[in-house]
Amino acid sequence: RRHLAGDADGYFRDYGGSVVDVADTLTQGWYYTGQHSIHADKERGTDPAGVPLKRFVVCLQNHDQIGNRAVGDRLHHGVDHAAFRAASVVLLMAPETPLLFMGQEWAASSPFQYFTDHNEQLGRLVSEGRRREFASFTAFAAGGPQAIPDPQAPETFHASRLKWEERTKAPHAAMLRFYTALLAFRRSHLREDGPGGFEAVALDDVTLGLRRTQVGGGDVLVVARFSGAGVVTLGPELLPPGDREWTCHLTSEDAEFTDSPARPTLVGPAHAPSIRFEGPAAVILMAGAPLTDGVRHGAAA
């Protein structure tokens with residue numbers, strides 16, 4: 001959220017949101033391993049070394065990160081759907097255990113607001129506390145306390161209920177197909193990676209690369225660009241040793257996943273391709289058979 005949406009108020013001050021930080025978090029399992037926290041004004045976190053990555057639960061959003069926001073807006077409510085799809089590929093292709101918050105898989109339109117059902121006295125205190133909590137957030141300074149939904153109001157609860165009928169309607173149906181395809185790929189193609197079997201690297205300021213191991217051997221590369229157009233060249237920081245022909249298995253901009261696709265394309269030699277991005281997107285690449293010198297030269301030509 002810090003990188004995609006730019007949130008910088010409150011506890012978000014503790015995060016720079018760089019792609020390097022995202023890569024480090026995926027490699028380690030969590031971000032804070034003893035650094036100083038600006039928000040808490042003390043050291044935070046412990047060293048997660050030695051804990052298998054599958055034991056970490058990662059998410060793009062959860063009930064706390066949404067419900068504790070002032071109006072309960074989900075991540076995909078505030079960022080471009082193309083960027084959200086790119087981030088979703090990272091979430092579901094990482095070796096950690098992914099958490100999906102209800103309705104995320106179809107980009108639910110309903111918020112998830114903070115609602116309560118306390119007695120009148122306690123309820124009044126909770127409502128006042130929520131409005132004080134967000135008094136320092138710049139996004140709500142102009143609207144004042146009334147911009148924060150009342151946790152005790154029935155309409156706050158009803159606004160947070162999922163609209164299940166959305167799953168078959170645009171654009172939600174396409175997002176559901178996208179999540180279904182990613183989960184199927186994860187289940188059938190990705191092996192549990194042990195130490196050294198996974199890489200996460202920042203390819204530039206807005207592009208993240210992941211390397212995973214296929215079931216049965218071989219490698220899978222994931223390249224996710226979170227904003228803007230550009231060309232990303234894959235080099236030794238991500239490519240495994242040895243020459244392989246890399247082919248595109250899936251992109252987040254395939255026609256079945258969006259009504260306005262801006263599909264990335266592979267350019268250059270098959271053994272060390274570049275990816276031309278038209279905007280935010282993610283690509284899943286799979287390695288084929290080893291290339292001979294003759295094949296390599298032909299691909300480069």
Side-chain angles (χ1 to χ4, degrees), residues 1-5 7 10-12 14-35 37 39-40 44-69 72-79 83-108 111-112 114 160 162 175-176 178-202 208-213 215 220 222 224 226 252 282 284:
R1 175 173 279 280
R2 181 71 177 90
H3 180 82
L4 293 178
D7 295 50
Y11 60 84
F12 286 106
D14 274 351
Y15 302 93
S18 72
V19 177
V20 171
D21 288 351
V22 175
D24 288 346
T25 301
L26 289 170
T27 301
Q28 296 169 172
W30 56 52
Y31 178 67
Y32 271 95
T33 60
Q35 308 95 303
S37 161
H39 185 67
R44 176 184 174 189
T46 56
D47 184 0
V51 181
L53 288 177
K54 70 175 183 178
R55 294 181 57 186
F56 294 90
V57 177
V58 294
C59 62
L60 299 182
Q61 51 192 344
N62 59 34
H63 76 284
D64 280 330
Q65 291 294 320
I66 302 171
N68 287 339
R69 294 180 64 77
D73 52 311
R74 298 165 180 260
L75 178 61
H76 58 264
H77 293 162
V79 304
F84 181 73
R85 285 192 297 271
S88 297
V89 172
V90 173
L91 171 70
L92 295 180
M93 295 300 104
E96 287 88 352
T97 299
L99 178 151
L100 305 184
F101 181 71
M102 60 179 204
Q104 173 178 328
E105 65 273 30
W106 75 79
F112 186 73
Y114 183 85
S160 303
L162 290 176
M175 189 69 78
L176 183 58
F178 178 58
Y179 266 73
T180 301
L182 291 176
L183 288 168
F185 181 87
R186 177 188 180 96
R187 183 170 56 250
S188 61
H189 285 81
L190 297 185
R191 193 178 73 186
E192 180 184 323
D193 287 317
F198 166 68
E199 295 286 344
V201 295
L208 177 72
L210 307 180
R211 180 172 59 82
R212 296 291 310 273
T213 306
V215 172
V220 174
V222 177
F226 300 124
S252 60
I284 297 177

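One-based numbering along the sequence shown. Note that the structure is predicted; figures quoted are calculated from it, not measured.
- Between Phe12 and Arg2 the shortest heavy-atom distance is O-NE, 3.6 Å.
- Considering only residues two or more places apart in sequence or on other chains, Arg191 meets the side chain to side chain donor-acceptor pair (under 3.5 Å) condition with none of them.
- To the nearest 0.5 Å, atoms CE (Met102) and CD1 (Ile66) are separated by 8.0 Å.
- Every residue two or more places apart in sequence or in another chain that forms a side chain to side chain contact (heavy atoms under 4.5 Å, CB included) with Arg186 is listed here: Met93, Pro98, Leu190.
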(request) Under the side chain to side chain contact (heavy atoms under 4.5 Å, CB included) rule, what do Arg212 and His189 come out as? Steps first, then yes or no, please. (result) CA-CA 10 Å; Arg212 296 291 310 273; His189 285 81; over 6 Å; no
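- Residues satisfying the side chain to side chain contact (heavy atoms under 4.5 Å, CB included) test with Val79, not counting sequence neighbours, are Leu4, Ala5, Leu75, Phe84.
- For the side chain to side chain contact (heavy atoms under 4.5 Å, CB included) test, residues two or more places apart in sequence or in another chain that qualify with Ala108 are Arg74, Trp106, Ser110, Leu162, Glu166.
- The distance from the CG atom of Asp47 to the OH atom of Tyr32 is 16.0 Å, given to the nearest 0.5 Å.
- A heavy-atom distance below 4.5 Å is not found between the side chains of Leu91 and Leu182.
- Applying the side chain to side chain contact (heavy atoms under 4.5 Å, CB included) criterion to Asp21, with sequence neighbours excluded, gives Ser18, Tyr31.
- The shortest heavy-atom contact between Thr46 and Trp30 is O-NE1, 2.9 Å.
- Closest heavy-atom contact between Leu53 and Pro95: CD1-CG, 3.6 Å.
- In this structure, the side chains of Val215 and Ser188 stay at 4.5 Å or more apart for every pair of heavy atoms.
- In terms of heavy-atom proximity, Phe226 sits nearest to Ala83 at O-CB, 3.6 Å.
- Contact annotation: the side chain of Leu60 never approaches that of Val90 to less than 4.5 Å [non-hydrogen atoms, C-beta and beyond].
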(request) Tell me, with the steps shown, if Thr25 and Val58 meet side chain to side chain contact (heavy atoms under 4.5 Å, CB included). (result) CA-CA 10 Å; Thr25 301; Val58 294; over 6 Å; no
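- Nearest heavy-atom pair, Thr27 versus Ala200, reported as atom, atom and distance to 0.1 Å: OG1-CB, 3.7 Å.
- Looking at heavy atoms from C-beta onward, Leu26 lies in side-chain contact with Phe198 at the 4.5 angstrom threshold.
- At least one side-chain heavy atom of Ser88 sits under 4.5 Å from a side-chain heavy atom of Tyr179.
- Judged by distance alone, with hydrogens and angles left aside, the side-chain atoms of Gln65 form no donor-acceptor pair with the main-chain N or O of His63 at under 3.5 Å.
- For the pair Gln61/His77, no side-chain contact is recorded, criterion being any heavy-atom separation below 4.5 Å from C-beta on.
- Considering all non-hydrogen atoms of both residues, Ala86 and Ala224 come closest at O-CB, 3.9 Å.
- For residues 84-94, the pairs satisfying salt bridge (charged side-chain N to carboxylate O under 4.0 Å, His left out) are Arg85-Glu253, with sequence neighbours left out.
- Between the Thr97 side chain and the Lys54 main chain, a donor and an acceptor come within less than 3.5 Å of each other.
- Rounding to the nearest 0.5 Å gives a distance of 9.0 Å between CE of Met175 and CD of Gln104.
- At least one side-chain heavy atom of Asp7 sits under 4.5 Å from a side-chain heavy atom of Arg69.
- Side chain of Asp14 to backbone of His39: a donor-acceptor contact under 3.5 angstrom is found.
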